[in-house]
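First the proteins, then the strands, lettered A, B, ... as listed; each starts at 1.
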Number of protein chains: 2
Amino acid sequence: MTKDATSPGAARVPAFRRAEPDARRRTLIEACARVLAREGATGASVRAIAKEAGVSPGLIGHYFAGVEGLVAETYRAVVSRVNGGIFAEVEAAGGDARARIDTFIRANFSPVVADPALLATWIAFWTMVASRPLFRGLHHDKNGEFRAGIEGLLADCGVAEDRLRAEATALSALIDGLWLELCLAPDGLSADQAVAIVRAQVERITG
Amino acid sequence: MTKDATSPGAARVPAFRRAEPDARRRTLIEACARVLAREGATGASVRAIAKEAGVSPGLIGHYFAGVEGLVAETYRAVVSRVNGGIFAEVEAAGGDARARIDTFIRANFSPVVADPALLATWIAFWTMVASRPLFRGLHHDKNGEFRAGIEGLLADCGVAEDRLRAEATALSALIDGLWLELCLAPDGLSADQAVAIVRAQVERITG
DNA sequence: GATATTGTTGAACGATCGTATAACAACTTG
DNA sequence: CAAGTTGTTATACGATCGTTCAACAATATC
C-alpha cells in the first residue's frame with residue numbers, strides 16, 4: 001500500500017485551489033461558453049457549468065448574479081473576443097481601405113465566427129433581451145460598437161457621411177442575417193457565397 | 001341556495017368538451033403561440049400551455065410528440081400565418097411588379113410582423129435547430145419558401161435569372177437581419193428606417 | 001337506454017432546475 | 001505556529017420540468 005493523503009507524513013493534496021477573483025470569473029465564463037457551445041442554450045445550467053469548470057455549483061452564485069448574470073458576462077466576453085478578432089484581422093490587413101473592408105467581410109464568415117456552436121450563446125442571450133433591461137442595454141452597446149466599426153470602414157472607402165449610418169445599419173443587418181443562416185443551415189449556404197454577397201453589396205455602396 | 005350541478009334534476013354541466021382532433025390541435029398550437037409571445041421561449045412549459053388552452057397537461061402528450069413536437073407545429077403554423085399574410089398583401093397590391101415588391105417590403109416590417117412577441121417563437125425554434133434534425137428540415141423548408149417568394153417578386157421586376165438566387169438570398173438575409181434588430185431593439189431602429197433600407201437595396205438590384 | 005369507444009383528466013413519478021447556507025479548508029496575517 | 005479570514009464545497013430545499021397512466025366521462029353506436 002502506497003502512501004496517500006491520509007497517511008501521516010504524506011504530502012498533502014489540497015482539495016481545491018483558491019483563485020484570484022478575476023481568474024476565477026474568467027474560468028467560469030469560459031466554462032459557460034463551452035457548455036453553451038456544446039449543449040445549447042437550454043443546457044447551460046448551474047450544475048453543468050460548474051462541472052465543466054471543475055468547481056462546486058455554489059461558486060457561480062458567489063461570483064455572479066445567478067445564471068443570468070453569468071450568461072450576460074459570457075455574452076459580453078464572447079462578443080468581445082469575436083469582434084475583437086475580426087477587427088484585429090482588419091488591422092493586420094494594412095492601410096488600404098478596400099483591403100481592410102474585404103478582410104472584414106471574410107473574417108465575419110470565417111469558420112471560427114460563423115460557427116453553429118457560437119449561435120447558442122447568442123440565442124441564450126436573445127432569450128433574455130425581451131424581459132431583462134440589463135440584456136437590452138448590453139445588446140444596444142455591442143450592436144452599436146459593431147456598427148461603428150463598419151461606419152469607420154465605409155468612411156475610409158469614401159462613403160459620404162450623411163449616408164454612413166444607414167449604409168452601416170444595412171450592412172450590419174445583411175451580415176447578421178447571413179451569419180444566422182450560415183449557423184442554422186451550414187449545408188444550405190456556404191461561407192463563400194455569403195462573402196460574395198456582402199462583397200457585391202459593398203461594391204455597390206462604395207461605387 | 002340555487003340549484004347546482006350536483007342537485008338532482010339540475011342541468012348537467014359537462015366537465016369538458018370533446019373536440020375534433022384538428023380543432024383541438026389548432027387550439028393547442030394557438031395557446032402555445034400565445035404563451036411563447038407572452039412568457040418567452042423559456043416559459044413555454046407543458047403546464048403553462050395547457051393552462052392557457054384550458055385543458056389538462058396530459059392532453060399535449062396525447063396530440064403531439066411532447067413539447068418539442070408542439071413547438072415545431074407552432075413554428076410551422078406561425079410562419080405560415082405570417083408569411084401567408086405578407087404574400088396575401090402582395091396579391092392584394094395588384095399586378096404592378098414594383099408595387100408588389102414595395103408592398104412586400106412594407107408588410108415585412110408592419111407591426112404584426114416585426115413584433116418582439118413573435119421573436120420568442122423563432123428563438124424557441126432556433127434553440128432546437130442545432131440538435132434536432134426535424135427542426136433543421138423545417139427551417140430549410142420554410143426558408144426556401146420565403147426565398148422562392150422573393151425570387152418571384154424580383155423576377156417580375158426583370159432581374160436576370162442567373163442573378164435571382166443570389167439576390168434573393170441577400171434580400172432575405174437583409175430582411176431577416178433588420179427584422180431581428182427591430183424585434184430586439186424596437187427603440188433603436190424604426191420600421192420606417194428598415195423599409196427605407198430595403199427599398200434602396202431593391203432599387204439597386206432592379207436598376 | 002345499454003354498451004362500447006376514446007378524448008380527457010388529474011395525480012404521481014423521477015429528474016432537474018436555481019438558490020441558500022452551514023461546514024470546511026486554503027490562505028493570510030500577526 | 002496560532003488565529004482569523006474567506007474562498008469553496010456539498011448538501012438540502014422548494015419549485016418546476018416532461019412524461020406516464022389508471023380512472024373517468026363525453027360521445028357514438030346499436
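- Heavy atoms of B/Val46 sit under 4.0 angstrom from at least one base atom.
- By the salt bridge (charged side-chain N to carboxylate O under 4.0 Å, His left out) test, B/Arg17 pairs with no residue at all, sequence neighbours left out.
- The stretch residues 125-139 of chain A has no heavy atom under 4.0 angstrom from DNA chain D at all.
- Between A/Ile60 atom CD1 and C/dC17 atom P there is a gap of 11 Å when expressed in whole angstrom units.
- Counting heavy atoms from C-beta outward, B/Arg163 and B/Ile205 have side chains that approach closer than 4.5 Å.
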Q: Spell out protein contact along nucleotides 8-16 of chain D as letters: B when the base is contacted, S when just the sugar-phosphate is, - when no protein heavy atom is under 4.0 Å; keep the 5' to 3' order.
A: BBB-B----
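- Side-chain atoms of A/Ser45 and A/Lys51, non-hydrogen and from C-beta on, never get closer than 4.5 Å to each other.
- Taking a 6.0 Å sphere around CZ of B/Arg38, one finds it holds more than 12 heavy atoms contributed by other residues, nucleotides or ligands.
- Salt bridge status for B/Glu151 with B/Arg147: present, with a side-chain N to carboxylate O gap under 4.0 Å.
- The shortest side-chain heavy-atom distance between A/Phe104 and A/Ile175 falls under the 4.5 Å cut-off.
- Annotation: the span from B/Asp176 atom CG to B/Phe146 atom CZ amounts to 6.0 Å, rounded to 0.5 Å.
- B/Phe64 has its CZ atom 16 Å from the C1' atom of D/dT19, to the nearest Å.
- Looking at B/His139 and A/Glu181, their side chains do bring a donor and an acceptor atom within 3.5 Å of each other.
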